[in-house]
Amino acid sequence: MSEAAHKAPGAAGANRWTALVFISMAQLMVVLDATIVNIALPSAQQDLGISDGNRQWVVTAYALAFGGLLLFGGRIADMWGRKRSFITGLLGFGAASALGGAATNETMMFAARALQGAFGALLAPAALSLLAVMFTDARERARAFGIYGAISGAGGAVGLILGGVLTEYLNWRWTFFVNIPFAVTAAFGALFFVHEPKGESHRSTLDIPGVILSTTGLVSLVYGFTRAESNGWSDSVTVGLFVAAAVLLLAFVVVETRVKAPLLPLRVVTERNRGGVYLSLGLAIIAMFGMFLFLTYYLQVIKGYTPVKTGFAFLPLIGGMITGSAVIGARLMTRLPARFLMGAGYLVAASGMFLLTRLETGSSYTSLLLPAQLLLGLGIGTAFMPAMSLSTHGVEPRDAGVASAMVNTSQQVGGAVGTALLNTIAASATTSYIKDHIAGAATRSQQQLIQMQGMVHGYANAIWVAVGILVTAAAIGLTFVNVGRQSGGTGVVAGAEGEAQVPIAMH
């Protein structure tokens with residue numbers, strides 16, 4: 001490929017770094033929304049009169065729409081144009097957030113959350129695929145994806161802080177209204193500074209059977225895990241949802257091998273590097289979401305932290321992620337093969353998670369939680385940066401949107417699995433601990449102590465599983481990902497030992 005050919009297609013001039021600001025702003029809005037509403041949920045539930053049985057739908061309605069429509073959103077971005085999809089997703093997300101903030105009953109709230117998820121499913125893959133087509137120089141690509149990866153990793157923790165501040169000092173409605181300036185600013189910025197190469201949209205027949213099967217299959221899967229958390233794994237409806245998800249997704253795979261213009265071309269996921277990235281990312285998110293859940297409860301219920309103090313207690317994790325992604329990962333990505341960064345990153349994160357297995361009711365924040373969060377953040381940030389970049393590695397231009405959607409799909413499904421699976425393990429261990437020790441508690445205070453000790457015992461048991469999951473993610477990264485280091489300024493990836501060089505997502 002000539003130098004001119006390299007520079008022209010995706011350079012977008014000096015504006016691409018300005019564009020990165022607005023793309024990152026949009027990604028932050030989507031990621032932090034997954035946790036910011038959780039902090040505000042108790043207040044919103046009381047104001048809107050939402051029953052305990054229905055309150056889960058404030059979270060679930062968003063997760064189902066977002067997870068179920070991601071592949072569809074990614075393909076729409078490929079067909080309709082990524083910039084157009086990006087701006088539409090931003091404005092739609094902002095409007096849905098305004099509806100949620102103005103909600104007067106549970107129906108309005110659930111509808112707003114579903115609309116947020118639907119527009120987020122259009123926005124998220126468009127944002128990531130825009131980076132893939134705008135940053136083609138290897139060194140610039142490493143820096144851009146370092147920033148993007150840091151925001152993706154840290155956004156959940158930022159949501160906890162922002163949600164706590166807004167809920168405590170204003171009210172829960174501002175956890176929705178805060179998205180409006182994000183959305184409007186990013187949309188106007190995208191209008192003037194985001195430029196994708198001409199001819200990047202690919203108009204073809206939409207795979208309607210694929211849309212129906214993938215959406216219903218992913219919705220069944222995500223809802224199955226969500227329901228398992230509250231109703232148990234043996235619940236008949238839960239089992240039915242998992243069976244339906246398996247049948248629908250299997251049918252989806254069969255359909256995709258036979259239609260002319262598939263929603264998800266199987267070449268996107270069967271290439272070993274991308275497949276390894278999607279799988280390892282999903283596993284890492286399982287561990288991270290479980291950790292967020294347990295530490296939030298530990299700090300508020302066991303330690304008695306306020307929502308704001310809990311949010312700020314996650315700052316070391318955010319700092320570690322930003323450092324790992326934007327500093328360590330970005331600098332080493334052009335010097336080391338991606339598999340080494342991913343493998344080492346996940347193992348460092350596993351060591352941080354291992355420290356949390358020592359959690360007790362009287363554990364010190366400074367001597368245990370602080371170093372554990374730093375290791376987790378540094379490890380996850382370092383691993384996520386090359387993973388995000390490789391998610392569109394070698395993909396054809398017409399598939400960039402759906403390849404980007406697969407990253408978000410693996411994260412969304414991983415989040416649902418992590419919350420349900422690890423919470424179930426923790427609850428089971430807590431029940432066993434209390435059953436074995438409660439007989440020796442004679443007073444009310446002793447019984448309360450046993451219950452708190454049981455909760456922490458449950459968290460520690462589930463965190464052991466999270467350690468194993470992160471080690472597995474490291475093994476997958478080291479085994480599946482065989483692409484070499486990204487050669488600065490050449491726009492190619494130096495192949496694995498003995499292999500030819502291949503393009504790095506040149507569009």
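Because the structure is predicted, anything quoted here is derived from the model rather than measured.
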Kindly determine whether Ile476 and Tyr346 satisfy side-chain contact (heavy atoms from CB on, under 4.5 Å), including the steps that lead there.
CA-CA 10 Å; Ile476 289 171; Tyr346 288 135; over 6 Å; no
Table please: side-chain donor-acceptor pairs of residues 117-125 below 3.5 Å, with sequence neighbours left out.
none

Does some side-chain heavy atom of Phe294 sit less than 4.5 Å from a side-chain heavy atom of Leu356?
no
Would you mind writing out the side-chain donor-acceptor pairs for residues 241-250 within the sub-3.5 Å range, not counting sequence neighbours?
none

Sequence neighbours excluded, which residues qualify as side chain to side chain contact (heavy atoms under 4.5 Å, CB included) partners of Val184?
Ile180, Phe188
Hey, are the side chains of Phe22 and Leu130 touching, using non-hydrogen atoms and a 4.5 Å cut-off?
no
Taking only residues two or more places apart in sequence, or in another chain, which ones meet Leu378 in a side chain to side chain contact (heavy atoms under 4.5 Å, CB included)?
Thr323, Ile328
Measure the spacing between CG of Leu170 and CH2 of Trp172 and express it to the nearest 0.5 Å.
13.5 Å
Taken in chain and number order and not counting sequence neighbours, the residues that satisfy side chain to side chain donor-acceptor pair (under 3.5 Å) with Thr185 are none
Sequence-distant partners of Asp47, salt bridge (charged side-chain N to carboxylate O under 4.0 Å, His left out), two or more places apart:
none
Looking only at heavy atoms, which two atoms of Thr175 and Val178 are closest? And how far apart?
O-CG1, 3.6 Å
Who passes ring pair (Phe, Tyr, Trp, His ring centres under 6.0 Å) against Tyr298, sequence neighbours left out?
none
Say whether, by atom type as modelled, one donor and one acceptor occur between the side chain of Ser325 and the main chain of Met321 under 3.5 angstrom.
no
Report yes if some heavy atom in the side chain of Ile463 is under 4.5 Å from a heavy atom in the side chain of Met291; otherwise report no.
no
Which pair of heavy atoms, one from Ile87 and one from Ala190, lies closest together, and at what distance?
CG1-CB, 3.9 Å
Determine yes or no for a side-chain-to-main-chain donor-acceptor pair under 3.5 angstrom, with Arg274 supplying the side chain and Arg267 the backbone.
yes
Tell me whether the rings of Tyr62 and Phe66 are parallel (<30°), tilted (30 to 60°) or perpendicular (>60°).
parallel
OG on Ser85 to CZ on Arg75, rounded to 0.5 Å
12.0 Å
Heavy atoms of Ala313 and Gln373 approach each other most closely as O-NE2, 2.9 Å
To the nearest 0.5 Å, atom CG of Leu299 lies from atom NZ of Lys309 at 9.0 Å
Does some side-chain heavy atom of Leu70 sit less than 4.5 Å from a side-chain heavy atom of Leu218?
no
Between atom CG of Leu20 and atom CE of Met25, what is the distance when rounded to the nearest 0.5 Å?
11.0 Å
Could I get the full list of ring pair (Phe, Tyr, Trp, His ring centres under 6.0 Å) partners for Phe72, not counting sequence neighbours?
none
Look up atom CG in Leu71 and atom CG in Leu213, then write down how far apart they are to the nearest 0.5 Å.
12.0 Å
Should Val58 and Phe110 count as side-chain neighbours, where that means a heavy-atom distance under 4.5 Å?
yes
Measuring from Leu48:CG to Arg173:CZ, what's the distance to the nearest 0.5 Å?
6.0 Å
Pairwise side-chain contact, Leu263 with Ser214, heavy-atom cut-off 4.5 Å (strictly under):
yes
Decide yes or no on side-chain contact (heavy atoms from CB on, under 4.5 Å) for Asn171 and Phe177, but give the supporting numbers first.
CA-CA 10 Å; Asn171 64 54; Phe177 291 146; over 6 Å; no
Partners meeting side chain to side chain contact (heavy atoms under 4.5 Å, CB included) with Ile286 (sequence neighbours left out):
Leu283, Val417, Ile469
If the condition is side chain to side chain contact (heavy atoms under 4.5 Å, CB included), which residues does Ala127 pass it with, not counting sequence neighbours?
Ile23, Phe86, Tyr148
Closest non-hydrogen contact found for Val194 with Ala19 is CG2-CB, 3.8 Å
With a cut-off of 3.5 Å and sequence neighbours excluded, list every side-chain donor-acceptor pair involving residues 91-106.
| from | atom 1 | to | atom 2 | distance (Å) |
| --- | --- | --- | --- | --- |
| Ser97 | OG | Phe93 | O | 2.8 |
| Ser97 | OG | Gln116 | NE2 | 2.8 |
| Ser97 | OG | Asn179 | ND2 | 3.1 |
| Asn105 | OD1 | Thr107 | N | 3.1 |
| Asn105 | OD1 | Met108 | N | 2.9 |

Between Phe182 and Met29, what is the shortest heavy-atom contact and its length?
CB-SD, 3.8 Å
Side chains of Phe176 and Met109: closer than 4.5 Å at any heavy-atom pair?
yes
Side chain to side chain donor-acceptor pair (under 3.5 Å): which pairs involve residues 249-263, sequence neighbours left out?
none
When every non-hydrogen atom of Ile380 is compared with those of Ala284, the smallest separation belongs to CD1-CB, 4.3 Å
Give a yes or no on whether the backbone of Val21 and the side-chain of Ser24 come within a donor-acceptor separation of less than 3.5 Å.
no
Is the shortest side-chain heavy-atom distance between Met288 and Leu317 below 4.5 Å?
yes
Quick check: does any side chain N or O of Ser428 sit under 3.5 Å from a backbone N or O of Ile425, one acting as donor and the other as acceptor?
no
